[in-house]
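These numbers were taken from a predicted model, which means no experiment stands behind them. When reading the values below, keep in mind they use all heavy atoms of this one structure, side chains included, and skip hydrogens, waters and symmetry mates.
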Protein chains: 2
Amino acid sequence: MTDRTMAAPAERKRGEGVKLVYDILRDDIIDLVLPPGSPIDEIQLAERLSMSRTPIREALVRLASEGLVTTLPNRSTVVSNIDFLNLHTFFDAITLMYRVTTRLAAEFHVPADLDVIRARQAAFAGAVEAHDALAMIATNRDFHAAIAEAGRNPYYTGLFCRLLDEGRRILRLYYSSFEDRLPQRYVAEHEEMIAAIAARDVEGADRLAKAHADQIVQQIQQLIARDRRQTLAL
Amino acid sequence: MTDRTMAAPAERKRGEGVKLVYDILRDDIIDLVLPPGSPIDEIQLAERLSMSRTPIREALVRLASEGLVTTLPNRSTVVSNIDFLNLHTFFDAITLMYRVTTRLAAEFHVPADLDVIRARQAAFAGAVEAHDALAMIATNRDFHAAIAEAGRNPYYTGLFCRLLDEGRRILRLYYSSFEDRLPQRYVAEHEEMIAAIAARDVEGADRLAKAHADQIVQQIQQLIARDRRQTLAL
DNA sequence: TGTATTTTATTTGTCGACAAGAAAAATCGC
DNA sequence: GCGATTTTTCTTGTCGACAAATAAAATACA
């Protein structure tokens with residue numbers, strides 16, 4: 001559990017309970033504080049958060065709808081596993097979403113959107129500069145989510161954010177310290193995407209987004225391949 | 001409320017409560033028995049279904065995650081409105097999903113998938129033959145959902161089904177009786193799509209799916225445009 | 001009569017308790 | 001000692017109650 005759990009019993013108004021639990025659990029799942037497959041005990045959680053089980057259950061329903069936890073009747077809720085056997089579906093979907101959201105941002109953004117996107121990029125660049133892999137993973141997600149929001153199609157934004165979060169979980173499996181070497185070229189690629197979006201170059205944005213997605217997919221595949229080779233070497 | 005509400009107090013095992021409420025409400029929302037904007041009263045619902053509010057609240061959380069209801073803290077949950085001002089986002093997303101799911105079905109289907117798809121098409125054709133608009137709307141959704149399942153990408157299937165259900169709600173606004181004249185050409189288009197999928201003609205499937213989506217979009221636009229003209233004539 | 005304020009009624013969010021179902025531990029039989 | 005069965009413990013699903021927040025109704029005032 002995050003430190004936030006200890007702070008949770010602080011003042012909260014009626015009606016804020018479910019969201020508080022949801023936020024805490026969601027962060028913990030994505031940051032692998034709660035690793036895939038781990039059971040979620042309602043009673044323990046209720047004790048730790050000093051609240052009854054009801055809002056916790058409601059938060060779990062919401063998390064289940066987002067695929068972050070898996071529930072079956074009369075059984076413990078568990079943190080959803082990452083489906084490594086079917087990563088191609090994830091790669092396919094996230095590549096498509098990178099493309100359509102970036103296209104739409106080039107087409108529909110307003111000036112304030114660019115401010116947000118640029119602020120997110122600055123945070124991402126800062127994380128890369130600081131060799132902070134965990135912050136990089138989080139700020140990368142936020143950067144692309146801002147692009148999706150600028151594209152103004154809630155269906156795509158919803159799916160894309162879900163996929164980005166799943167990507168965070170996958171990456172978090174492999175980046176577990178502050179010492180990892182982070183690819184600087186992602187910062188440059190983000191800048192190019194921002195320029196294409198600002199210039200309303202829809203096709204350019206699409207092309208850059210696809211190339212960027214391909215890089216990410218390749219990175220994940222290499223991380224997994226490296227992992228598998230270690231296993232076979234045993 | 002549907003007739004099913006009256007039958008609901010029949011035997012149900014522990015753990016089946018939430019799903020029962022979810023299914024009932026979902027059907028009622030999509031069939032516009034509960035029209036957009038209408039409030040959902042937990043207490044009334046609990047009385048009618050002879051159960052406590054807890055499972056009802058959990059079902060509502062799930063429905064909220066799927067966009068079918070809208071909740072705010074300390075306020076009545078309401079059935080989500082259809083966002084007519086931003087239908088272009090819906091059209092964009094559903095067209096893309098028609099295409100990618102049909103492509104993937106052409107690529108990844110197995111023989112049993114075709115059996116399901118064909119059965120769904122037979123049901124659809126039967127509904128068209130019977131001039132049963134409501135059944136047509138429902139079976140059309142099921143037909144395309146089966147194609148999406150055959151494509152085996154859960155991310156697309158999830159989004160597509162959500163969009164298809166939203167399409168059902170929109171169409172249900174305009175088809176309210178059994179007397180409407182139904183376009184026979186949709187049956188033929190479905191058959192062509194099945195043939196392309198069976199032949200594993202990915203590009204053909206894509207082309208047919210896009211043309212089909214364009215037809216649906218156009219139909220909805222005409223329905224909406226027709227409605228507006230009547231208003232101005234007063 | 002219309003508006004502002006107060007009171008009352010209703011609904012929602014959460015609580016703690018009960019009991020069903022599942023998991024773990026203990027016991028039994030070979 | 002191992003597997004099957006029984007008992008105990010634990011967790012989940014739901015219950016009904018309480019109280020906060022909201023909505024509706026009533027009252028007061030100009």
The residue, A/Pro73 or A/Thr54, whose nearest nucleotide of DNA chain C is more 5′ is A/Thr54

For the atom pair OG1 (B/Thr95) and CG (B/Leu163), what is the distance rounded to the nearest 0.5 Å? 9.5 Å

Name the nucleic acid region contacted by A/Arg75, choosing base, sugar-phosphate or nothing; use a 4.0 angstrom heavy-atom cut-off, strictly under. sugar-phosphate

So, is B/Ser52 near the phosphate of D/dC15, with a side-chain N or O under 4.0 Å from OP1 or OP2? yes

Please say whether the positively charged group of A/Arg152, taken as NZ for Lys or CZ for Arg, lies over the ring of A/Phe108, i.e. under 6.0 angstrom from the six-membered ring centre and within 45 degrees of the axis. no

Between B/Gly17 and A/Lys13, which is nearer to the 5' end of DNA chain D once each is assigned its nearest nucleotide? B/Gly17

Earlier contact from the 5' end, DNA chain C, for B/Arg53 and A/Asn74: B/Arg53

When rounded to whole Å, the CZ to P distance for the pair B/Arg57 and D/dA17 reads 17 Å

Measure CD/A/Glu16 against P/D/dA19 and give the value in whole Å, please. 21 Å

Is it true that B/Asp165 and B/Arg169 have a side-chain N and a carboxylate O under 4.0 angstrom from each other? no

Measure the distance from CG on B/Leu45 to P on D/dT14 and round it to the nearest whole Å. 14 Å

Whole Å only: how far is the CD atom of A/Glu47 from the P atom of D/dC10? 12 Å

Atom-pair distance (CD1 on A/Ile43; P on C/dA22), nearest Å: 16 Å

B/Arg12 CZ to C/dG21 P, straight-line distance once rounded to whole Å: 12 Å

A/Ser76 has its side chain closest, among C/dT14, D/dT14, D/dT11, to D/dT11

Please classify the nucleic acid contact of B/Ile40 as base, sugar-phosphate, or nothing, using heavy-atom distances under 4.0 Å. sugar-phosphate

Rounded to whole Å, how long is the line connecting atom CD of B/Glu42 with atom P of D/dC15? 13 Å

Rounded to the nearest angstrom, tell me the gap between atom CG in A/Leu20 and atom C1' in C/dT14. 14 Å

Taking the side chain of A/Met51 as its heavy atoms from C-beta onward, which of C/dG13, D/dG16, C/dC15 lies nearest to it? C/dC15

Would you kindly check if the NZ (Lys) or CZ (Arg) of B/Arg62 is within the cone defined by 45 degrees around the ring axis of B/Tyr22 and under 6.0 Å from the six-membered ring centre? yes

Contact class for A/Ile56 vs. all strands (heavy atom < 4.0 Å): base, sugar-phosphate, or nothing? nothing

Aromatic plane relationship, A/Phe124 with A/His190 - under 30° parallel, 30 to 60° tilted, over 60° perpendicular: tilted

